[in-house]
Amino acid sequence: MPMPAMRVCDFMKFYYRLYIYESLVKYSNAPSPFICPVVNNTYILKDYPLVSNKFNEFLQPGYYQLEVSLLHEDEEKIKYIIEGHAEEE
């Protein structure tokens, strides 16, 4: 579902801080939601405890990759790549 267009710093301070950063900060070097513009860096998420059985309700068994990008003036500023798999129960 597309989100309404908003300034990157506004997104970082609200949506990113509340719904993304707080859950990732223990497992990554994710950029701070309070530093804008975002520092150009390679950000790594490792050993995040994703509860995969919740995904079995709507995913067929198999391997998946999800890429999420944050763009500013058509330039990619942040990109998360999430890989995982769903198994038959």
Side-chain angles (χ1 to χ4, degrees):
M1 171 184 352
M3 291 180 49
M6 63 187 323
R7 295 174 45 96
V8 171
C9 294
D10 294 336
F11 172 85
M12 295 288 289
K13 289 177 186 172
F14 186 75
Y15 291 106
Y16 175 76
R17 179 179 57 84
L18 291 177
Y19 301 109
I20 301 171
Y21 182 75
E22 295 297 327
S23 66
L24 299 182
V25 69
K26 294 178 187 173
Y27 306 96
S28 73
N29 63 334
S32 169
F34 304 106
I35 298 174
C36 198
V38 176
V39 176
N40 187 9
N41 196 357
T42 299
Y43 298 100
I44 298 172
L45 174 66
K46 185 172 171 112
D47 299 328
Y48 182 77
L50 187 63
V51 181
S52 62
N53 63 355
K54 292 182 180 181
F55 295 101
N56 289 344
E57 296 174 16
F58 59 90
L59 292 177
Q60 297 290 325
Y63 289 88
Y64 294 87
Q65 181 179 38
L66 172 67
E67 295 185 12
V68 179
S69 296
L70 180 62
L71 306 175
H72 176 66
E73 296 181 355
D74 294 330
E75 182 180 344
E76 187 174 73
K77 295 296 183 177
I78 296 176
K79 181 176 188 175
Y80 285 103
I81 300 174
I82 303 165
E83 296 178 333
H85 68 279
E87 299 175 346
E88 277 190 60
E89 294 186 340

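Just so you know, these numbers use all the heavy atoms, side chains as well, and skip hydrogens, waters and symmetry mates. The structure displayed is predicted, hence computed values, not measured ones.
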Least distance between heavy atoms, Lys13 atom then Pro33 atom: CG-O, 3.8 Å
Residues forming a side-chain contact (heavy atoms from CB on, under 4.5 Å) with Phe34, sequence neighbours excluded: Arg17, Ser32
For residues 60-71, the salt bridge (charged side-chain N to carboxylate O under 4.0 Å, His left out) pairs (sequence neighbours left out) are Glu67-Lys79
Look at the aromatic rings of Tyr19 and Phe14 and report parallel, tilted or perpendicular, splitting at 30° and 60°. perpendicular
Non-neighbouring partners of Glu73 that pass salt bridge (charged side-chain N to carboxylate O under 4.0 Å, His left out), sequence neighbours left out: none
Does Tyr63 have any ring pair (Phe, Tyr, Trp, His ring centres under 6.0 Å) partners at least two apart in sequence or in another chain, and if so, which? His85
Common cluster, Tyr16/Ile44, ILVMFWY with side-chain heavy-atom separation under 4.5 Å: no
Residue list, ring pair (Phe, Tyr, Trp, His ring centres under 6.0 Å) with Tyr27, at least two apart or on another chain: Tyr48
Qualifying residues under side-chain contact (heavy atoms from CB on, under 4.5 Å), relative to Asn41, sequence neighbours excluded: Asn29, Tyr43
Establish whether Val39 and Ile20 are linked, either directly or via other cluster members, by ILVMFWY side-chain heavy-atom contacts under 4.5 Å. yes
Report yes or no: do Leu66 and Ile81 belong to one cluster of Ile/Leu/Val/Met/Phe/Trp/Tyr joined by side chain heavy-atom distances under 4.5 Å? no
